[in-house]
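Side chains are part of it too, since the values below use all heavy atoms of this structure and drop only hydrogens, waters and symmetry mates.
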Amino acid sequence: MPKDPEFHNEIDVVMRVMRHAQAAVRSRFIQEVVPNRLTIVQFNALQHLHWYGRDAGMSVSELGEHLGLAHNTTSGLVSRLERHGWVVRRKCDTDRRRARIKLTPQSEELFRKGVEHATDFWQSTFGQLSTEERESLIESLKRLKQVMAKPVWPSYAQLHPSDTDYLQKRFETDLEELAQAKLKLVGMRLILAQIAEKQNEHELTAYLNQAASEEIRHTNKLLALLGHGENIERLLSALIHEDNVVHEELFNLLETAPYTEETEELTLLQQMVQDSKRYKRWFRSVHKQTNQ
């Protein structure tokens, strides 16, 4: 095998060309997705439905398996796509209790246009080469394919094992996501309770506070089932980590704020930064005490 510097330079050129080509294709792909206000994950979900569920559709569980996402995450993803007209849920013919997710005409049009855009892309890139250059490139790529070992991809069963341990871990992951979702509901209900109280909606305030209290109880039970309920040190550590993330985001918002003068938005963000610093001091102090 050649080991001279020139050979390694040639390999470097090949790798850089391949990365550049991949980047160009990915850029075209993103330019397709962004105007439609789709995230990469959402578009991937539509692609899998387009490839594997065009006739019968797919269940939430099947789509989640294809995407490697938990059931709750996939369900939320489908709900957002449905809300914006990309998919619909239809009752399963064999089991009316279950729903099948199918693409809408809006999604079918997206993929039809995608084929046209891809044709235009290759026409404006590969099409710039002369006939001789294209033929030479194709022959070289064919030869490269011949000398390269065929990649051995893991099977679907290997990627998605169905053993008991895996199912248990998957179930625990779903419970974790459910606990996080309930924590968000607690926050939303407490905020709504404050708004309702300011508007003298006392009955609504009481209902919201009661609902928040029950959600807290449910979440505590879920955390206990997962073995987190009694581990105050672990929970405090996680809280400090989340607070650090929020703190960084606040600073980024302040640095990128489109305002040069003092505004209500800037004042609020600055106040939030000060409060965040105060919270960090509190939590770290308590965390330190629990470790003593």
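A heavy-atom distance below 4.5 Å is found between the side chains of L46 and W86. With a 4.5 Å cut-off on side-chain heavy atoms, M58 and H66 count as touching.
Annotation for A99 and R89: closest pair CB-CB, 4.3 Å, computed over non-hydrogen atoms. Taking every heavy atom of both residues into account, R134 and G127 meet most closely at NH1-O, 3.8 Å. Counting all heavy atoms, side chain and backbone alike, L49 lies closest to I101 at CD2-O, 3.5 Å.
A donor atom on one side chain and an acceptor atom on the other are not found under 3.5 Å apart for Q274 and Q270.
Around the CD atom of Q146, the shell of radius 6.0 Å holds more than 12 heavy atoms that belong to other residues, nucleotides or ligands. Within 6.0 Å of OH on Y207 lie no more than 12 heavy atoms contributed by other residues, nucleotides or ligands.
Considering only residues two or more places apart in sequence or on other chains, R16 meets the side-chain hydrogen bond (donor to acceptor under 3.5 Å, both in side chains) condition with D12. Partners of E133 according to the salt bridge (Lys or Arg N to Asp or Glu O under 4.0 Å) rule, which considers only residues two or more places apart in sequence or in another chain, do not exist here.
Relative ring orientation between F43 and F111 is described as tilted, the plane-to-plane angle lying within the 30° to 60° band.
Electrostatic pairing of E62 and R100 counts as a salt bridge here, judged by a charged N lying under 4.0 Å from a carboxylate O. Between R112 and E116 a salt bridge is recorded (basic side-chain N to carboxylate O distance below 4.0 Å).
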